[in-house]
Chemist: 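Mind looking over this structure? Questions follow.
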Amino acid sequence: MKSVNLYIPLLLLLFLAGACGTKKSDGASGALSDDALLDTVQHRTFNYFWDGAEPNSGLARERIHMDGVYPENDQNVVTSGGSGFGIMAVLAGIHRGYVTREEGLARMERIVSFLETADRFHGAYPHWWYGDTGRVKPFGQKDNGGDLVETAFIMQALLAVHQYYAGGNPQEKALAARIDKLWREVDWNFYRQGDQNVLYWHWSPEYGWEMDFPVHGYNECLIMYILAAASPTHGVPAAVYHEGWAQNGAIVSPHKVEGIELHLRYQGTEAGPLFWAQYSFLGLDPNGLKDEYCPDYFGEMRNLTLVNRAYCIRNPKHYKGFGADCWGLTASYSIDGYAAHSPNERDDRGVIAPTAALSSIVYTPEYSLQVMRHLYDMGDKVFGPYGFYDAFSETDNWYPQRYLAIDQGPIAVMIENYRSGLLWKLFMSHPDVQQGLRKLGFQLSSDTPISAS
C-alpha cells in the first residue's frame, strides 16, 4: 500500500514535468497542422490587402510601418505591381471564405473604378499613385510615367479576376467587361520605342525614353512579354519575345551554382534573387511549361530556389541564424534601405526576407514549410497583424516591424496556388493568355501545345 501511495504522486510529477516540457506558447507552430499553419499565415497576409488597403482606391499601400514612421510621407501611396499581387491575394481570400463573395466583389468594383480614372500612359500604369487622387507619384525623377513591368503584374491579376467573374451574375459579368476594356487599352506596341523588337520598361510624358531600359531575360519580367504577345488589340509580334527577351537564344546559358544545374542566363548574376522565380508565376503556371529556351520552367525555378537555400546553408559569410530552417534571399528592406539580396557574397547582406522561402512553397513545399514553422516559432519579433514582417537580420539584431506590398502579396498567392492552384487555373484559362503562349511557342508538356479548349 505504501509503494502505491508513493507511485501515484510520482506519476503525477512526471506527467506535469512532461506537460511543462512540451507545452507550446500561443504562437508555437507545433500545435498546428500544416494546413492550419498555412491558413494562419495566408489569412494574416491577406489582411494586408484587406484591412490595410488604402481606403479610397482599395489598392495596396506600398508600405505599412507599424511604428507609424514614414520618412517620405508616403503612407497612402499605392503601388501598381504590389496591388496586382494583392488583388490575387483577395481572390484567394474570397475563395477561402475570409470575406464573402459580395464583400469581395464590392472591393473589386472599387479597385476597377480607381483604375479606370487613375493616371495611365498609353494604357500602362505608373509604379506609384497617390491613393486619394489617382495621380502619379514619381518612382524616380524620370520615372513618372508608364511602367510596363508593373502594368504586367497588375494585368496578370486582373485577367484572373476576369475569369473569376466572367461566368457569374450580371453584376459580376459587368465587372469582367470593365476589366476587359482596361486590358485591351494597354498599348504594348508603343513600349517598343519605334517598333523595335524589344520592350522598354519605362516611358515618361516629360522625359520620353530617357530611362532607356530595354528588358532582356532572365529576370522577373517574363510575364510582361507573354501579356504583350497576348493582347488582342496591341499584341506584339513573336519576334519581340525571341529577339528582345531571349536575345536570339543568348538567354540559354547552362551552368551550375552550389552544384545545382541552371539552364538560363540570369541578368547580372549566376543565380538571381528569389522574386525572379515568383512574380511571373503567380498566375502563369510553371508546371509542365516549356519553350525553346527552357525545357522545364518549374524545374528551373525549383533549382533557383534550391540554389538560394543551399547558399544560405553553406553561409560563407557566417551570418547568425542562416540554415536549413532560415533561408531566403530576395529584394526587400535591408539594413541600409532596400536591396536585392542574392545567393552570392557580393549581394548577401545577412538579411532574411520571409517572402523568399514562403513564396517558394510551390517549388519546395517541405523546405518552405520548415522555414514557415521556424519563423512562426520566433513569435511577434517577426510575425505581426499582416503576417511576417518584410525582413530581419539576426546578425545585426535588426527586426523592423515594417511591411512592403510587393513582398507580402506573393506569400498569400503562392500559398493558395500550393493549396488549390486557384490563381494558376484562373489566369491560364483566359483565352487571350492561351493565345499569347501559343503565339510564342510555349508548350505545357513535351508534346502538347497550349490549347484554348
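Just so you know, residue 1 is the first one in the sequence shown, and it goes up from there.
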Chemist: CZ/Phe46 to NE2/His43 distance, rounded to the nearest 0.5 angstrom?
Modeler: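 The CZ atom of Phe46 sits 6.0 Å away from the NE2 atom of His43.
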
Chemist: Classify the angle between the aromatic ring planes of Tyr293 and His242 as parallel (below 30°), tilted (30 to 60°) or perpendicular (above 60°).
Modeler: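 If you compare the ring of Tyr293 with that of His242, the planes turn out tilted.
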
Chemist: Yes or no on side-chain contact (heavy atoms from CB on, under 4.5 Å) for Leu59 and Ile111, after CA distance, side-chain angles and deciding distance?
Modeler: CA-CA 6 Å; Leu59 292 176; Ile111 288 170; 3.4 Å; yes

Chemist: Starting from the C-alpha separation in whole Å, work towards a yes-or-no answer on side-chain contact (heavy atoms from CB on, under 4.5 Å) for Leu284 and Leu437.
Modeler: CA-CA 10 Å; Leu284 181 67; Leu437 289 167; 4.0 Å; yes

Chemist: Taking the side chain as C-beta and beyond, is there a heavy-atom pair between Lys181 and Val112 under 4.5 Å?
Modeler: no

Chemist: Closer than 3.5 angstrom, by distance alone: can the side chain of Lys439 be matched with the main-chain N or O of Val236 as a donor-acceptor pair?
Modeler: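 Yes; at least one donor-acceptor contact below 3.5 Å.
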
Chemist: Please report the C-alpha distance between Lys381 and Phe392 in whole Å, then the side-chain angles of each, then the deciding distance to 0.1 Å, and finally whether the side-chain contact (heavy atoms from CB on, under 4.5 Å) criterion is met.
Modeler: CA-CA 9 Å; Lys381 183 182 288 189; Phe392 65 92; over 6 Å; no

Chemist: What I want to find out is whether Glu103 reaches Arg107 closely enough, with some N-O distance under 4.0 Å, to be called a salt bridge.
Modeler: no

Chemist: Classify the ring geometry between Phe85 and Tyr279 as parallel (under 30°), tilted (30 to 60°) or perpendicular (over 60°).
Modeler: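 Tilted: the ring planes of Phe85 and Tyr279 meet at 30° to 60°.
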
Chemist: Would Arg309 pass as a cation-pi partner of Tyr367, given that its NZ or CZ must be under 6.0 Å from the six-membered ring centre and within 45 degrees of the axis?
Modeler: yes

Chemist: Are any of the side-chain nitrogens in Lys425 or Asp285 under 4.0 Å away from the carboxylate oxygens of its partner?
Modeler: no

Chemist: Should Asn303 and His263 count as side-chain neighbours, where that means a heavy-atom distance under 4.5 Å?
Modeler: no

Chemist: Taking all heavy atoms of Ala310 and all of Ile260, pick out the closest pair and write down the distance.
Modeler: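 Heavy atoms of Ala310 and Ile260 come nearest at CB-CD1, 4.3 Å.
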
Chemist: Looking only at atom types and distance, does a side-chain atom of Gln163 sit under 3.5 Å from a main-chain N or O of Ser429, one as donor and one as acceptor?
Modeler: yes

Chemist: Do other residues, nucleotides or ligands put more than 12 heavy atoms under 6.0 Å from Lys317 NZ?
Modeler: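 Yes, enclosed.
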
Chemist: Does Pro273 offer a backbone N or O that forms a donor-acceptor pair with the side chain of Thr330 under 3.5 Å?
Modeler: no

Chemist: Verify whether the ring centers belonging to Tyr389 and Tyr403 lie closer than 6.0 Å.
Modeler: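 Close enough - the centres of the two rings lie under 6.0 Å apart.
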
Chemist: Any idea how Trp245 and Tyr241 line up, ring-wise: parallel (<30°), tilted (30 to 60°), or perpendicular (>60°)?
Modeler: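 Aromatic pair Trp245/Tyr241 classed parallel.
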
Chemist: Could you check Trp276 against Thr269 for side-chain contact (heavy atoms from CB on, under 4.5 Å), going step by step and ending with a plain yes or no?
Modeler: CA-CA 12 Å; Trp276 288 9; Thr269 184; 4.3 Å; yes

Chemist: May I ask you to decide if Phe190's main-chain N or O and Asp187's side chain share a donor-acceptor pair within less than 3.5 Å?
Modeler: yes

Chemist: Just jot down the ring-ring contact (aromatic ring centres under 6.0 Å, His included) partners of Trp129, sequence neighbours excluded, or say none.
Modeler: Phe114, Tyr125

Chemist: Heavy atoms, side chains only, cut-off 4.5 Å: are Leu358 and Met372 in contact?
Modeler: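 Yes, close enough: below the 4.5 Å cut-off.
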
Chemist: For Glu102, which of Thr100, Leu105, Val99 qualifies under side-chain contact (heavy atoms from CB on, under 4.5 Å)?
Modeler: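 That would be Thr100; it is the only one of Thr100, Leu105, Val99 passing the side-chain contact (heavy atoms from CB on, under 4.5 Å) with Glu102.
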
Chemist: Looking only at non-hydrogen atoms, find the nearest pair between Ser360 and Leu274 and report the distance.
Modeler: OG-CD1, 3.9 Å

Chemist: With ring centroids as reference points, do Tyr200 and Tyr191 lie under 6.0 angstrom apart?
Modeler: no

Chemist: If you round to the nearest 0.5 Å, how far is CE of Met414 from CE of Met88?
Modeler: 8.5 Å

Chemist: Does Glu258 have any salt bridge (charged side-chain N to carboxylate O under 4.0 Å, His left out) partners at least two apart in sequence or in another chain, and if so, which?
Modeler: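 In terms of salt bridge (charged side-chain N to carboxylate O under 4.0 Å, His left out), with neighbours along the sequence ignored, Glu258 is linked to Arg314.
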
Chemist: Has the side chain of Ser80 got a donor or acceptor atom that lies under 3.5 Å from a matching backbone atom of Pro126?
Modeler: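 Yes; judged by distance alone, with no hydrogens or angles, the pair exists.
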
Chemist: Considering all heavy atoms of both residues, which atom of Trp327 and which atom of Cys312 are nearest to each other, and what is their separation?
Modeler: CB-CB, 3.5 Å

Chemist: Output yes when Arg349 and Asp336 qualify as a salt bridge under the 4.0 Å nitrogen-oxygen rule, no when they do not.
Modeler: no

Chemist: I need the minimum non-hydrogen distance between Pro365 and Tyr418, along with the two atoms involved.
Modeler: CB-CE1, 3.4 Å

Chemist: With sequence neighbours left out, what residues match Gln247 under side-chain contact (heavy atoms from CB on, under 4.5 Å)?
Modeler: His216, Ala250, Arg265, Gln267

Chemist: Under a 4.0 Å threshold between the charged nitrogen and the carboxylate oxygen, would Arg135 count as salt-bridged to Asp119?
Modeler: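 So Asp119 pairs with Arg135 through a salt bridge.
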
Chemist: Any carboxylate oxygen within less than 4.0 angstrom of a Lys/Arg side-chain nitrogen, looking at Lys137 and Glu62?
Modeler: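 Here Lys137 does not pair with Glu62 in a salt bridge, since their nearest N and O are not under 4.0 Å apart.
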
Chemist: Any sub-3.5 Å donor-acceptor pair from Tyr225's side-chain atoms to Gly217's backbone N or O?
Modeler: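 Side chain of Tyr225 to backbone of Gly217: no pair is present.
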
Chemist: Tell me whether Asn417 contacts the main-chain N or O of Leu282 through its side chain, where contact means a donor paired with an acceptor under 3.5 Å.
Modeler: yes

Chemist: Between Arg61 and Ala405, what is the shortest heavy-atom contact and its length?
Modeler: O-CB, 3.3 Å

Chemist: Tell me if a side-chain donor or acceptor on Asn315 pairs with a main-chain N or O of Tyr319 at a distance below 3.5 Å.
Modeler: yes

Chemist: Does CG belonging to Asn169 count more than 12 external heavy atoms closer than 6.0 Å?
Modeler: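 Yes, CG of Asn169 has more than 12 neighbouring heavy atoms, counting only those of other groups under 6.0 Å.
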
Chemist: Check whether any side-chain heavy atom of Glu345 sits under 4.5 Å from a side-chain heavy atom of Tyr311, and report yes or no.
Modeler: yes

Chemist: Report yes if the distance between the aromatic ring centroids of Tyr98 and Trp50 is under 6.0 Å, otherwise no.
Modeler: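 For Tyr98 and Trp50, the ring centres are not under 6.0 Å apart.
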
Chemist: Quick check, are the ring centers of Tyr70 and His65 under 6.0 angstrom apart?
Modeler: yes

Chemist: Considering all heavy atoms of both residues, which atom of Leu227 and which atom of Ala152 are nearest to each other, and what is their separation?
Modeler: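 Leu227 and Ala152 have their closest heavy atoms at CD1-O, 3.4 Å.
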
Chemist: Do Met108 and Ile87 come within less than 4.5 Å of each other through their side chains, counting heavy atoms only?
Modeler: yes

Chemist: Between His255 and Tyr266, what is the ring plane arrangement, given parallel below 30°, perpendicular above 60°, and tilted in between?
Modeler: perpendicular

Chemist: Does Asp212 CG have over 12 foreign heavy atoms under 6.0 Å away?
Modeler: yes

Chemist: Applying salt bridge (charged side-chain N to carboxylate O under 4.0 Å, His left out), run through Arg178 and Glu109 and close with a yes or a no.
Modeler: CA-CA 9 Å; Arg178 293 165 65 190; Glu109 288 176 329; 5.2 Å; no

Chemist: Hey, would you say the His162 and Trp183 ring centroids sit under 6.0 Å apart?
Modeler: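 Centroid distance His162-Trp183: not below 6.0 Å, so no.
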
Chemist: Measure the spacing between CZ of Arg438 and CG of Leu440 and express it to the nearest 0.5 Å.
Modeler: 11.0 Å

Chemist: May I ask you to decide if the ring planes of His127 and Phe139 are parallel, tilted or perpendicular, using 30° and 60° as cut-offs?
Modeler: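 Parallel: the ring planes of His127 and Phe139 meet at under 30°.
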
Chemist: Does the side chain of Phe281 come within less than 4.5 Å of Leu222's, by heavy atoms?
Modeler: yes

Chemist: Any side-chain heavy-atom pair from Ser204 and Lys142 closer than 4.5 angstrom?
Modeler: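 Sidechains of Lys142 and Ser204: no contact.
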
Chemist: Within the side chain of Asp432, is there an N or O that forms a donor-acceptor pair under 3.5 Å with the backbone of Ala230?
Modeler: no

Chemist: Just so I know, are the side chains of Trp398 and Val351 near enough to count as touching, which here means a heavy-atom distance under 4.5 Å?
Modeler: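 Yes, at least one pair of side-chain atoms sits under 4.5 Å.
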
Chemist: One pair to check against salt bridge (charged side-chain N to carboxylate O under 4.0 Å, His left out): Asp390 and Arg63. What are the steps and the verdict?
Modeler: CA-CA 10 Å; Asp390 189 63; Arg63 63 191 88 245; over 6 Å; no

Chemist: Just by modelled atom types, is the Leu422 backbone N or O under 3.5 Å from a matching donor or acceptor in the Ser420 side chain?
Modeler: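 Yes, the answer is positive, given that a donor and an acceptor are paired below the 3.5 Å cut-off.
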
